[in-house]
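Here is the structure we will look at, set down as structure tokens.
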Amino acid sequence: MSKPHPVQVIAISGGKGGVGKSNVAVNLGIALSQKGRRVVLLDADLGLGNIDVLLGITANRNIQDVIAGECDLRDVLVDGPGGIKIVPASSGTQRMTQLSSLEHAGLINAFSELGDQIDVLIVDTAAGISDSVVSFLRASQELLLVVCDEPTSITDAYALIKLMNRDYGTNRFRILANQVRNEQEGRHLFEKLTRVTERFLDVALQYVGIVPYDEAVKKAVQRQRAVLDAYPRAKASLAIKSLAEKVDSWPLPQSPRGHLEFFVERLVEV
């Protein structure tokens, strides 16, 4: 029997809220879908989900119904733009921000039922460094941190890297500079972060590029559309397509890492 194909799992985080994580997650998903990948986007801000609002999508069920045992994960999938599928989160539900480690494990394992219909899972995490965020980051194979040119963004990204490195041994992070004026500003931002991490931590940061500041993104948000969908030739859209080219060449996981992770059963030799 042939071994099932591994699924690429990318967590998009950044520590600070307001850096454009969800926009990057949605548009990267669309760009990968345009390359022929079957993409599922998980809104992992479980108590304050916003992907459905960002895209003007009405979801009848969400992740809360899965955790409550009222339906399967495939029952909550909704169609998003560009052929992506979305797992919506609940909004304004405090209970969802306080899931036990067992409930988190159950949710991560539930994705196994989608394994044959998916090539890429993008996990849009909540802001901050809560247990929930850490749980999703540890269960993902690639960590893409979105930073912007604000002192608080650098500070919060560093706090997240430090926590994941010192407490969980994660030593590879990919960095995307968002809402910057040009490539030079993006590089400068990356160097700022690198200077701090090199002094205090044993980590490898990899610069993956920029998404420039672009009024088209703001206009798309106001229209509840993805910028790649509404303005495919905008600067930000072209930058996301370039990012998707890189992401598509990242190596796929070959073996389990010894802790809870998405689709781990697809990495174990049967």
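All figures in this text were calculated on a predicted structure; none of them were measured in a lab.
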* Asked: Under a single-linkage definition using a 4.5 Å side-chain heavy-atom cutoff for Ile, Leu, Val, Met, Phe, Trp and Tyr, are V19 and V180 assigned to the same hydrophobic cluster?
  -> no
* **Side-chain donor-acceptor contact under 3.5 Å, R74 with Q117** => yes
* Structure fact -> Looking only at heavy atoms, the pair that brings E265 and S112 closest together is OE1-OG, 2.9 Å
N/O donor-acceptor pairs under 3.5 Å from side chains in residues 128-135, not counting sequence neighbours:
unit_1: S130; atom_1: OG; unit_2: S132; atom_2: N; d: 3.4
unit_1: S130; atom_1: OG; unit_2: V133; atom_2: N; d: 3.3

* Is there side-chain contact between F263 and L121, with heavy atoms separated by less than 4.5 Å? -> yes
* When rounded to the nearest 0.5 angstrom, what distance separates CD1 in I67 from CG in N62? -> 9.0 Å
* Does Q224 use its side chain to pair, donor to acceptor, with the backbone of Q222 at less than 3.5 Å? -> no
* Asked: Does K246 NZ have over 12 foreign heavy atoms under 6.0 Å away?
  -> yes
* **M96 CE to Q64 CD distance, which is reported to the nearest 0.5 Å** => 5.5 Å
* Is N178 close to V147 at the side-chain level, that is, under 4.5 Å between some pair of heavy atoms? -> no
* Asked: At their closest point, which heavy atom of L137 faces which heavy atom of L143, and how far apart are they?
  -> O-CD2, 3.3 Å
* Asked: Any ion pair linking E261 and R257 (charged N to carboxylate O, less than 4.0 Å)?
  -> yes
* Decide yes or no on side-chain contact (heavy atoms from CB on, under 4.5 Å) for V24 and N27, but give the supporting numbers first. => CA-CA 5 Å; V24 169; N27 287 288; over 6 Å; no
* Among the clusters formed by ILVMFWY side chains lying less than 4.5 Å apart, do V76 and L99 turn up in the same one? -> yes
* Asked: Do D75 and R61 meet the salt-bridge criterion of a basic N to acidic O distance under 4.0 Å?
  -> no
* Asked: Can you pull the ring pair (Phe, Tyr, Trp, His ring centres under 6.0 Å) pairs that have at least one residue in residues 112-142, sequence neighbours excluded?
  -> H104-F136
* Asked: At what distance, to the nearest 0.5 angstrom, does CG of D214 lie from CD of Q179?
  -> 10.5 Å
* Asked: Does V211 belong to the same Ile/Leu/Val/Met/Phe/Trp/Tyr cluster as L32, with side-chain heavy atoms less than 4.5 Å apart forming each link?
  -> yes
* **Minimum heavy-atom distance between D124 and A25, given as atom pair plus value** => CB-CB, 4.0 Å
* Asked: Considering all heavy atoms of both residues, which atom of V7 and which atom of I118 are nearest to each other, and what is their separation?
  -> CG2-O, 3.8 Å
* **Exam field: side chain Q8 to backbone V120, donor-acceptor pair closer than 3.5 Å** => no
Table please: side-chain donor-acceptor pairs of residues 38-55 below 3.5 Å, with sequence neighbours left out.
unit_1: R38; atom_1: NE; unit_2: D119; atom_2: OD2; d: 3.2
unit_1: R38; atom_1: NH1; unit_2: D116; atom_2: O; d: 3.0
unit_1: R38; atom_1: NH2; unit_2: D119; atom_2: OD1; d: 3.1
unit_1: D43; atom_1: OD1; unit_2: D45; atom_2: N; d: 3.3
unit_1: D43; atom_1: OD2; unit_2: N50; atom_2: N; d: 2.9
unit_1: D43; atom_1: OD2; unit_2: I51; atom_2: N; d: 3.0
unit_1: N50; atom_1: OD1; unit_2: S22; atom_2: OG; d: 3.4

* Structure fact -> Sorted by chain and number, sequence neighbours left out, side-chain hydrogen bond (donor to acceptor under 3.5 Å, both in side chains) with Y168 holds for none
* Where do I63 and S90 come nearest, in terms of heavy atoms and distance? -> CG2-N, 4.4 Å
* Asked: Stepwise, does the side-chain contact (heavy atoms from CB on, under 4.5 Å) test hold for V9 with E142?
  -> CA-CA 6 Å; V9 184; E142 297 284 358; over 6 Å; no
* To do: Find out whether L228 and Q34 are in side-chain contact, i.e. whether some heavy atom of one side chain is under 4.5 Å from a heavy atom of the other.
  => yes
* Structure fact -> Rounding to 0.5 Å, atoms CG (L193) and CZ (F173) come to a distance of 10.0 Å
* **E215 side chain near Y231 side chain, heavy-atom distance below 4.5 Å** => no
* Asked: Got Y207 and L176 here, is their nearest side-chain heavy-atom distance under 4.5 Å?
  -> no
* Going by an N to O cut-off under 4.0 Å, is there a salt bridge joining K192 and D149? -> yes
* Structure fact -> Sorted by chain and residue number, the side-chain hydrogen bond (donor to acceptor under 3.5 Å, both in side chains) partners of D202 (sequence neighbours excluded) come out as none
* Asked: How about V208 and W250: do any of their side-chain heavy atoms sit closer than 4.5 Å?
  -> yes
* Spell out, as yes or no, whether a donor-acceptor pair under 3.5 Å connects the side chain of E103 to the backbone of S100. => yes
* In the single-linkage hydrophobic clustering (I, L, V, M, F, W, Y; side-chain heavy atoms under 4.5 Å), do I30 and I10 co-cluster? -> yes
* **Straight-line distance of K235 NZ to I210 CD1, nearest 0.5 Å** => 8.5 Å
* Mind checking the CD1-CZ spacing from I154 to F190? Nearest 0.5 Å is all I need. => 10.5 Å
* **Beyond-backbone contact of V66 with C71, side-chain heavy atoms, under 4.5 angstrom** => yes
* Check G14 against L145 and note the closest heavy-atom contact, atom names and distance. => N-CD2, 4.2 Å
* Asked: Should L77 and L73 be regarded as members of a common hydrophobic cluster, given that ILVMFWY residues are connected when their side-chain heavy atoms come within less than 4.5 Å of each other, either directly or indirectly?
  -> yes
* So, do I57 and V78 sit near enough that their side-chain heavy atoms are less than 4.5 Å apart? -> yes
Going by atom type alone, with no hydrogens or angles, which donor-acceptor pairs under 3.5 Å involve a side-chain atom of residues 155-164 and a protein atom two or more places apart or on another chain?
unit_1: T155; atom_1: OG1; unit_2: P151; atom_2: O; d: 2.8

* Asked: Can we say R187 and E183 salt-bridge, meaning some charged N sits less than 4.0 Å from an Asp/Glu carboxylate O?
  -> yes
* Asked: Just by distance, do the side chain of N109 and the backbone of A105 share a donor-acceptor pair under 3.5 Å?
  -> yes
* Side-chain donor/acceptor of K241 to backbone N/O of A31, under 3.5 Å -> no
